[in-house]
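Worksheet for the structure shown next.
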Amino acid sequence: MSAFALLASGASAPEIPKAVLAEGLSWTGLILLLPLCSMLLCAALAALRNKSKLPALVAVLAIGGAFLTVLSMAFKLDLAEAPVVVHLFDWINFSWTAATPGFVRDGETLWRGIVADFGFYIDSLTIFWMLFVTGLGTLIAIYASEYMEEDRGVGYCRFFFGVSLFILAMSSLVMADNLVLLYLGWEGVGLASYLLIGYYYKTPSAVAAAKKAFIMNRIGDAGLALGIFLTWVNYGTVEYGPLFAALQDPPPGTGSWITAAIPFCLMLGAFGKSAQGPLFTWLPDAMEGPTPVSALIHAATMVTAGIYLIARTYPLFVAVPEAMETVTWVGAASAFVAATIAMTQYDIKRVFAYSTISQLGYMFLGLGAMSAFGGAYHVFTHAFFKATLFLTAGAVMHGFAGQLDLRKISGLRHLPGWRIVSWTMFVGCLWLAAFPFTSANFSKDACLEAAFVMNTPSYRAAAWVGLIAAGITGYYSFRVWFRVCCGPVAFAPGEHGHGGDHHGHDDDHGAAHGHGHSGDFHPHAPRLAINAVLVLIALGAVLAGIPAYSHLAGGHNWVQESIAHSSAMQGDFLGEHGDATVIGMNPHAGVMVLGGAFGIAGMILAAWFHLLNRPAAAALRTRLLASSATRWLPTLFERKWYMDEIYHGLMTLPAWAASHVLHFVDKHFIDGLLVNGVGRIPPLLARIFQPLYNGRLQGYAVTMSLSLGLVLVWALWAWLSGGAAAEVAP
């Protein structure tokens with residue numbers, strides 16, 4: 001029996017406990033107040049032309065203070081029984097009368113108004129998410145204090161203003177007790193990403209990337225806004241507590257197509273923000289922003305918002321099996337497509353960017369397969385190892401004058417001062433490849449296992465797609481490490497003195513390896529702020545496996561317990577594997593064996609092509625391109641499945657053509673014929689009568705005589721016409 005059949009039977013589907021309004025917890029508002037104060041102080045320092053590192057200090061203290069506040073919540077609140085609602089202040093409260101009585105729940109009449117107060121909905125999912133949002137946000141801000149130091153001045157203040165806004169918006173999104181406040185944070189994250197991706201606003205590519213991210217996210221945001229509206233229409237509320245109660249006891253008159261449409265609208269918002277399906281092309285271009293921004297977007301904040309949205313509104317999705325299956329397949333397809341693109345990129349940060357899309361695909365696959373635990377746990381492990389990878393790439397860029405081409409840097413671990421960067425990158429790549437018994441291996445396997453447990457052809461096919469993507473992931477992750485950190489020492493500097501995060505072109509496929517040193521250039525190794533953060537985050541990636549190790553030892557998995565006591569609890573409804581098997585074993589063992597084998601096979605291929613026999617990679621590509629039967633394969637991956645070209649053909653070109661047509665109509669018909677044409681009539685009439693007003697007395701006399709004659713003629717005609725009409729009338 002499938003999980004949906006079990007849920008449909010209603011035998012033991014868990015119910016979300018009713019939220020409790022808590023008093024005396026207004027101090028939790030510090031989570032938003034501290035980043036807000038940091039924003040205001042950074043703006044003031046920019047106005048004062050401050051050129052010190054004070055903006056970084058302010059941001060680090062503010063975000064760190066928010067992290068300590070979250071820790072205090074985690075230790076002081078017992079959320080095992082019921083979630084807590086903290087009311088900070090009234091925000092949106094509209095009410096109106098209706099001719100017919102509405103449905104009454106808890107003394108409140110639904111559909112008579114809309115209430116969305118500024119408050120927090122705190123359950124174990126909230127605290128779980130906020131721990132890595134604020135914790136990693138603090139470490140990334142510390143890293144950025146050194147990384148961005150060459151921009152000290154107004155730019156430095158502007159950067160940490162954006163970082164503070166990012167944390168403020170993400171915290172609002174996660175802590176919100178209603179969908180409207182979540183939407184406010186959702187749009188705030190989009191604004192912060194626009195400001196930070198376009199930080200180098202004098203660079204056209206950075207400006208284009210910022211606009212692309214902002215505009216493409218509007219597609220998903222429109223879906224989210226519609227989903228929120230339909231939620232109110234169907235259930236009479238946008239607050240989580242009443243909404244979850246309404247899902248368990250639907251008001252009369254609700255349902256029909258709206259119930260099925262809501263999760264599809266919400267998932268559109270999730271796919272846009274988390275770069276899934278066709279809406280992923282903005283995320284690789286977002287690498288134009290400074291590297292700490294990339295780490296912030298990919299690890300702690302923006303792209304995890306889509307996963308959080310589905311986890312928070314999980315009961316809405318569980319009610320529509322087709323929506324869950326759609327989430328699974330979009331995730332599986334995104335994992336595979338992004339992995340194939342990642343293995344053909346040469347820019348290190350772009351490789352990691354496409355890997356983010358792929359790993360997010362696993363999270364959506366797990367969510368759609370009824371494993372909210374798998375999706376959330378992979379968010380947690382991914383946050384650490386992906387932050388590690390991006391920050392190591394930033395350290396390389398910072399030290400090598402902006403160089404990020406993996407063909408132009410080699411033997412990094414043999415250079416003095418670069419061993420911490422090299423080995424923390426190794427940890428990140430090992431975790432990205434989901435090497436057996438790493439934390440990422442457990443979290444990724446939980447997603448794939450859930451798909452096999454569903455035991456339907458569709459879900460099993462999606463799981464196999466995920467396993468193939470796992471093998472590709474092992475290849476491209478160690479392709480980077482073997483190329484950059486192993487082999488003989490060879491490097492060439494980039495084009496920028498600062499780690500300005502400007503990238504080379506992806507279509508340069510030549511084997512442009514530098515040999516030895518490039519002129520008198522000497523890379524400068526990172527200092528304490530960067531190295532310490534790299535060690536701490538890499539250590540966090542290792543320690544993220546403790547929940548899984550504890551479970552293997554017969555103890556508790558605190559991540560799973562966090563999900564089990566949240567609104568996503570129905571995502572852990574699966575207990576037994578039933579009749580599902582994988583290669584003759586139970587799904588847990590089968591996925592562990594297959595996932596490990598696929599990943600290790602990819603790592604072995606990477607070792608052969610990019611460490612032991614580097615010329616073989618270029619030779620293989622040449623052979624593939626030489627044959628008409630195989631030329632499409634590397635071309636498809638290198639051209640990123642032609643997604644940008646498809647967008648250009650389907651959207652950009654029609655919009656360009658329509659704009660020119662509308663411009664022609666506006667210029668020649670609206671302005672030319674209607675506006676200016678009507679405006680030309682009075683001057684034209686004036687020119688006709690102008691000879692009559694020449695300043696001579698006899699001319700005026702003639703004009704008056706003619707005018708009087710015309711009036712008399714008209715009066716006579718009117719009199720005669722009237723008389724004739726009177727004679728005819730009976």
Side-chain angles (χ1 to χ4, degrees), residues 1-8 263 267 270-271 274 276-277 306-307 310-311 314 317-318 320-339 357-382 434 436 440-474 548 559-560 563 568 570-599:
M1 182 181 289
S2 72
F4 289 127
L6 288 170
L7 282 173
M267 78 171 70
F271 293 156
S274 294
Q276 293 293 285
I307 309 295
I310 294 181
Y314 212 69
F317 283 81
V318 172
V320 186
E322 296 81 6
M324 299 291 282
E325 192 167 353
T326 302
V327 170
T328 295
W329 266 106
V330 170
S334 299
F336 175 76
V337 169
I357 300 169
S358 184
Q359 296 302 303
L360 287 165
Y362 283 112
M363 301 169 202
F364 281 103
L365 190 155
L367 287 173
M370 295 293 292
S371 179
F373 158 68
Y377 191 27
H378 202 49
V379 169
F380 183 65
T381 60
H382 176 265
N441 172 244
F442 291 113
S443 59
K444 184 207 68 176
D445 281 3
C447 299
L448 295 175
E449 178 187 344
F452 279 114
V453 169
M454 296 298 286
N455 207 21
T456 66
S458 177
Y459 278 97
R460 291 181 72 87
W464 280 105
V465 171
L467 284 172
I468 295 171
I472 301 173
T473 303
V559 176
Q560 190 163 17
I563 303 304
Q570 292 175 345
D572 274 349
F573 185 53
L574 296 178
E576 301 297 329
H577 291 150
D579 299 329
T581 60
V582 179
I583 58 172
M585 296 183 282
N586 70 68
H588 179 71
V591 169
M592 180 177 290
V593 171
L594 285 177
F598 277 54

Quiz item: Do the side chains of Val591 and Lys444 get nearer than 4.5 Å, heavy atoms only?
Solution: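 Heavy-atom side-chain distance check fails, nothing below 4.5 Å.
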
Self-check item: Side chain to side chain, Gln359 and Thr473, heavy atoms closer than 4.5 Å
Solution: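 Heavy-atom side-chain distance check passes, below 4.5 Å.
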
Applying ring-ring contact (aromatic ring centres under 6.0 Å, His included), name anything that partners [X], two or more places apart in sequence or on another chain.
X: Phe336; answer: none
X: His378; answer: none
X: Phe364; answer: Phe271

Exercise. Could you pull out all residues at least two apart from Ser358 that satisfy side chain to side chain donor-acceptor pair (under 3.5 Å)?
Key: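 With neighbours one apart ignored, the set is empty.
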
Quiz item: How many angstroms lie between atom OG of Ser371 and atom CG of Asp445, to the nearest 0.5 angstrom?
Solution: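 So the gap between those two atoms works out to 11.0 Å.
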
Is a side-chain donor or acceptor of [X] paired with a backbone partner of [Y] at a separation under 3.5 angstrom?
X: Thr328; Y: Gly368; value: yes
X: Tyr362; Y: Ala470; value: yes
X: Tyr377; Y: Cys447; value: no

Heavy-atom pair with the smallest gap, counting every atom of [X] and [Y]:
X: Thr381; Y: Ser443; result: OG1-OG, 2.9 Å
X: Leu365; Y: Ala332; result: CD1-CB, 3.7 Å
X: Ala339; Y: Ala469; result: CB-O, 4.3 Å
X: Pro321; Y: Tyr459; result: O-OH, 4.5 Å
X: Gly277; Y: Ser334; result: N-OG, 2.8 Å
X: Ala311; Y: Ala568; result: O-CB, 3.3 Å

Practice problem: Evaluate the side-chain contact (heavy atoms from CB on, under 4.5 Å) criterion for residues Met370 and Val453: first the C-alpha distance (whole Å), next the side-chain angles of each, then the deciding distance (0.1 Å), finally the verdict. | Solution: CA-CA 9 Å; Met370 295 293 292; Val453 169; over 6 Å; no

For [X], what residues pass the side chain to side chain contact (heavy atoms under 4.5 Å, CB included) criterion, not counting sequence neighbours?
X: Ala446; value: Phe373
X: Ala589; value: Met585, Asn586
X: Ala323; value: Pro263, Phe264, Met267, Phe317, Val320
X: Val379; value: Trp129, Phe132, Thr304, Ile307, Met363

Quiz item: Given the rule in the side-chain contact (heavy atoms from CB on, under 4.5 Å) test, do Leu367 and Tyr314 qualify, once you have shown the distances and angles that lead to the verdict?
Solution: CA-CA 9 Å; Leu367 287 173; Tyr314 212 69; 4.0 Å; yes

Exercise. Walk me through it: do Ser458 and Trp329 pass the test side-chain contact (heavy atoms from CB on, under 4.5 Å)?
Key: CA-CA 8 Å; Ser458 177; Trp329 266 106; 2.7 Å; yes

